[in-house]
There are 2 protein chains.
Amino acid sequence: MARLATTTDVFNAVAEPQRREILDLLARGERSVNEITTSLGLKQPQVSKHLRVLSEVGLVTVRKDGKQRLYRLRGETLKPIHEWVSSFEHIWNERLDRLEQYLNQLQNKENEHE
Amino acid sequence: MARLATTTDVFNAVAEPQRREILDLLARGERSVNEITTSLGLKQPQVSKHLRVLSEVGLVTVRKDGKQRLYRLRGETLKPIHEWVSSFEHIWNERLDRLEQYLNQLQNKENEHE
DNA sequence: TTATTATATTCCCATATGGGAATATGTCAA
DNA sequence: TTGACATATTCCCATATGGGAATATAATAA
């Protein structure tokens, strides 16, 4: 059984770092394939392949402008990741809260000795 | 060139849904392999293999208790994902802001006609 | 020591990459 | 129509799965 396809869902699509970089770039605004290629220092076919994956999971949209294909980010598609990972937020915050309490207790003890 | 290994980073580790489910379960507290197996309806070797991946990227820790291996979530390891995906949050919020403005404008125009 | 229980690991398989290399396709200008 | 430019796609390759099946390893009880 192979791994799930990269186009299965958003989690799989962004597992590849180059695709994350493309999204980072598009977050700053619409870009043509060539702009992505030169900005990230990738080969053009690479970029096209990655964009196809991103397009199939709905993370980007494309519009034609003459010879150019301009790609735009659909950031909302990342929400499932945000929601999933945010469900763990209380855990590391809880850990921090405990640390704060512990440090406060330490400080209170020091004040008692003064 | 193969895909990056699942143990390359956290993004790759959580691309597989079963591994996300394991993390969801561990978020509720430490669990033995057998508990994960029965809770998620997976086969034991499957679970062990997934746990190995999660362990190698630092998402879980394991302690021995007699015959049992108890696994615990290290949720902080998910922070890079949270940070990355949160950098896009302003985008979908911005889109909502614009929609509100647009709706407000529509409403103002309707008030003018009354 | 043997049997039971809990879990990790190995071997195997079919599958899907991501990039290289090359080519096909689409658009526009001359 | 041809050539230039922008981009998508195909073929190929080596690689790493995730699960099945089986087995190895570890811990405990009798």
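So you know, we letter chains A, B, ... as the sequences are listed, proteins then strands, and number each from 1.
- Residue contacts for A:Thr6: at a heavy-atom cut-off of 4.0 Å it reaches the sugar-phosphate backbone alone, with no base atom in range.
- Both A:Thr7 and A:Met1 lie close to DNA chain C; mapped to their nearest nucleotides by heavy-atom distance, the more 5′-ward contact belongs to A:Met1.
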Encode nucleotides 21-30 of chain C as B, S and - characters from 5' to 3', where the letter depends on protein heavy atoms closer than 4.0 Å: B to the base, S only to sugar-phosphate, - to neither. BB---BBS--
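- Counting only N and O atoms by type, the side chains of B:Gln44 and B:Ser48 include a donor and acceptor under 3.5 Å apart.
- Distance B:Ile22 CD1 to C:dT7 P: 13 Å, rounded to the nearest Å.
- Looking at B:Gln68, its side chain never comes within 3.5 Å of a backbone N or O of B:Leu70 through a donor-acceptor pair.
- Phosphate proximity of C:dG19 to A:Gln46: present, with a side-chain N or O under 4.0 Å from OP1 or OP2.
- Under 4.0 angstrom from either OP1 or OP2 of C:dA8 there lies no side-chain N or O belonging to B:Arg52.
- A perpendicular orientation is assigned to the rings of A:Trp92 and B:His82, their planes being inclined by more than 60° (bins at 30° and 60°).
- A close approach under 4.0 Å does not occur between any side-chain nitrogen or oxygen of A:Arg3 and OP1 or OP2 of C:dA16.
- Remark: A:His50 is in phosphate contact with C:dG19, judged by side-chain N or O atoms under 4.0 Å from OP1 or OP2.
- The phosphate of C:dA8 (OP1 or OP2) has a side-chain N or O of B:Tyr71 nearer than 4.0 angstrom.
- Pairing each heavy atom of A:Trp84 with each of B:Leu23, the nearest pair is CH2-CD1, 3.8 Å.
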